[in-house]
2 protein chains.
Amino acid sequence: MKGERTRQSILEHAVNIASLEGLEGLTIGRLADELKMSKSGLFAHFGSKEELQLATIESARERFIESVFRPALKAERGYPRLMAICRGWLAYVKKGVFPGGCFFAAASFEFDGRPGPLRDAIATVMDAWIDSIEKAVAMAQEEGHLDRDIEPAQLAFEINALFFGANFSYQLRGDRKALERAMEAIEARLESLRIVTPTRQLRRVRR
Amino acid sequence: MKGERTRQSILEHAVNIASLEGLEGLTIGRLADELKMSKSGLFAHFGSKEELQLATIESARERFIESVFRPALKAERGYPRLMAICRGWLAYVKKGVFPGGCFFAAASFEFDGRPGPLRDAIATVMDAWIDSIEKAVAMAQEEGHLDRDIEPAQLAFEINALFFGANFSYQLRGDRKALERAMEAIEARLESLRIVTPTRQLRRVRR
DNA sequence: CCTACCGATCGGTAGG
DNA sequence: CCTACCGATCGGTAGG
């Protein structure tokens, strides 16, 4: 039990370091120092640096899901949930859920040229995430909220690109408007694909 | 003269390594090994690792400009040049001008959380690049090819986001359609802004 | 451009 | 969880 608590606090710290300095910039010595543990004591929790990195990715995945994906599931299927995902993602960057911006955007670019288990783990998380966006798009089409002509994979690609572009402009360029720019682009794109039924419009006007 | 040639060949190799493993993953020992030089012989060209990294960024910038920006200047001002920039960027990823995908996308995400001269150098290159896109948009508006209502900074943001999203999907996810998806999104967006029809204006005014 | 070094830090191990 | 250690590699220097 206590070992598990220690392990969790190590990983929370590891995720924060990695989001700023990269997963390769994460070193056991520094992590132990900052947590006032011995290197070997910390090391014993994982067995190898790669296992530590894999556990760090998994911890980051959980934090991401709790912060962005799970809250969005409270919104109604279809257009509202798709919008909740988008607003949630931008809010997650603004809130600084990871101190260095989106952990997975950084990890994706860090490992896209390095084959191995770390790259595979990151790709698996990202595949699942893009798939979640695609599913939200498909649901919006099924509910009759969104034009069926658009391929879910295409729209998911575009939405994710605007997320990454927002993270880039916000974190590197310090563009305070970056998150609003992304939202504006997403809204314009979704609006152009939206199917507004008369009943729905009436309900909106009355509200 | 000969020293300069050696320096250039060191930097070309350094750029390739850094595009795959990151600017921090670039080490003097490995670089010297692969170039069959002594560490200290290579080191003497730069004086410090940071100077090597800064020179690597500058070398990558030159390669990028020669590959993407300068060819696009041959296209006519306005819409054609803006399209040439977009096609050129996607072709540059497809051709593998840098073996690990876009050097500056990777460097941006690697250093956005690490203040210092390297981050500043990368930010300066990216600011200039985004500015080039903005200028191309503004010219297209001046030439009467593009709706003047769109803010150049907004459209440049969107185009760059689609570039980064394409690089991500292509490099990490291995999505062969990624570059076409980005082009499709860019074309759809530009097409929607291309000519201001009376109908469109009416709808806008009413809002 | 080289050989021969330096102290610091890396991931990891032995033994408790 | 610790101390005490290992070989390898890091950026960098001295001297030629």
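Just so it is clear: chains get the letters A, B, ... in the order the sequence lines come, proteins before strands, and each one is counted from 1. These figures come from a predicted structure and were not determined experimentally.
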K.L.:
Before accepting this row, confirm whether a basic side-chain N of the pair E66(B)/R61(B) lies closer than 4.0 Å to the acidic partner's carboxylate O.
P.N.:
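No salt bridge links E66(B) with R61(B).
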
K.L.:
For the pair made of NZ in K36(A) and C1' in dC2(D), what is the distance, rounded to whole Å?
P.N.:
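K36(A) atom NZ is separated from dC2(D) atom C1' by 18 Å.
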
K.L.:
By nearest atom, which of the nucleotides dT3(D), dT13(D), dC1(C) is closest to the S40(A) side chain?
P.N.:
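For S40(A), the side-chain atoms sit closest to dT3(D).
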
K.L.:
Using whole Å, what does the distance between atom P of nucleotide dG12(C) and atom CD of E50(A) come to?
P.N.:
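Nearest whole value for this atom pair: 9 Å.
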
K.L.:
In plain terms, say whether E110(B) and R119(B) are close enough for a salt bridge, that is, a side-chain N and a carboxylate O under 4.0 Å apart.
P.N.:
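Salt bridge: no.
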
K.L.:
Does this structure show an ion pair linking R81(B) with E76(B), if we count only N-O contacts that are shorter than 4.0 Å?
P.N.:
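So R81(B) does not pair with E76(B) through a salt bridge.
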
K.L.:
Quick one: which of Y170(B), F163(B), F69(B) gives a ring-ring contact (aromatic ring centres under 6.0 Å, His included) with W89(B)?
P.N.:
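Checked Y170(B), F163(B), F69(B) against W89(B); only one passes ring-ring contact (aromatic ring centres under 6.0 Å, His included): F163(B).
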
K.L.:
Is any side-chain N of the basic residue among E21(B) and R30(B) closer than 4.0 Å to the acidic one's carboxylate O?
P.N.:
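Result for this pair is yes, salt bridge flagged.
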
K.L.:
In whole Å, I'd like the distance from the CD atom of E51(A) to the C1' atom of dG11(C).
P.N.:
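That distance rounds to 14 Å.
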
K.L.:
Separation of F43(B) atom CZ from dC5(C) atom C1', in whole Å?
P.N.:
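These atoms are roughly 14 Å apart.
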
K.L.:
Return the residues of residues 4-34 of chain B meeting this criterion: a heavy atom under 4.0 Å from some atom of DNA chain C. Order them by number, or give none.
P.N.:
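Close to the strand are T6(B).
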
K.L.:
Stem finding on DNA chain D, please: runs of three or more consecutive Watson-Crick or G-U wobble pairs, both distances under 3.5 Å, sorted by first number.
P.N.:
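Correct response: C:1-16 with D:1-16.
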
K.L.:
Roughly how far apart are F98(A) CZ and F103(A) CZ, rounded to 0.5 Å?
P.N.:
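Answer for the CZ-CZ pair, F98(A) versus F103(A), is 6.5 Å.
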
K.L.:
Send over the distance from L54(A) CG to dG11(C) C1', rounded to a whole Å.
P.N.:
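Taking atom C1' of dG11(C) as the reference, CG of L54(A) is at 15 Å.
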
K.L.:
Output the single nucleotide from dG11(C), dC1(D), dG12(D) whose closest atom is nearest the side chain of K49(B).
P.N.:
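Among the listed nucleotides, the one closest to the side chain of K49(B) is dG12(D).
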
K.L.:
Taking ring-ring contact (aromatic ring centres under 6.0 Å, His included) as the cut-off, I'd like each qualifying pair that reaches into residues 26-58 of chain B, sequence neighbours left out, listed once.
P.N.:
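For residues 26-58 of chain B, and leaving out neighbouring residues, there are no ring-ring contact (aromatic ring centres under 6.0 Å, His included) pairs at all.
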
K.L.:
Looking only at the side chains, is there a donor atom on one of E158(A) and Q154(A) sitting less than 3.5 Å from an acceptor on the other?
P.N.:
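Yes - a donor-acceptor pair under 3.5 Å links their side chains.
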
K.L.:
Between K39(B) and D33(B), does at least one N-O distance fall below 4.0 Å, as a salt bridge requires?
P.N.:
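Between D33(B) and K39(B) there is no salt bridge, as every charged N stays at least 4.0 Å from the carboxylate O atoms.
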
K.L.:
Classify the side chain of K39(B) and the base of dG11(D) as holding, or not holding, a donor-acceptor pair under 3.5 Å.
P.N.:
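It does, because a donor-acceptor pair links the side chain of K39(B) to the base of dG11(D) below 3.5 Å.
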
